[in-house]
Amino acid sequence: MPKGVKKADLPRKTCATCGRPFTWRRKWARVWDEVRYCSDRCRRQRAGRV
């Protein structure tokens, strides 16, 4: 029996900067509700726009 969850079944969000969809990552498990950006690059670009 395979373990885990299929990637297609993981939660998804849309990046606040680029608008691309991104999926849940294990390192975001505790802070998933707070994650808004798909990458550090998008996070930095958003902060610079203000």
Ignoring hydrogens and angles, tell me if any N or O in the side chain of Lys13 forms a donor-acceptor pair with the backbone of Phe22 under 3.5 Å.
no
Among all residues two or more places apart in sequence or in another chain, which pass the side chain to side chain contact (heavy atoms under 4.5 Å, CB included) test with [X]?
{"X": "Thr23", "value": "Lys7, Arg12"}
{"X": "Arg25", "value": "Lys27, Trp28"}
{"X": "Arg20", "value": "Cys18"}

Applying the 4.5 Å side-chain criterion to the ILVMFWY set and letting contacts propagate, would Tyr37 and Val35 be lumped into a single cluster?
no
Could you check whether Arg43 pairs with Asp40 (Lys NZ or Arg NE/NH1/NH2 to Asp/Glu carboxylate O, under 4.0 Å)?
yes
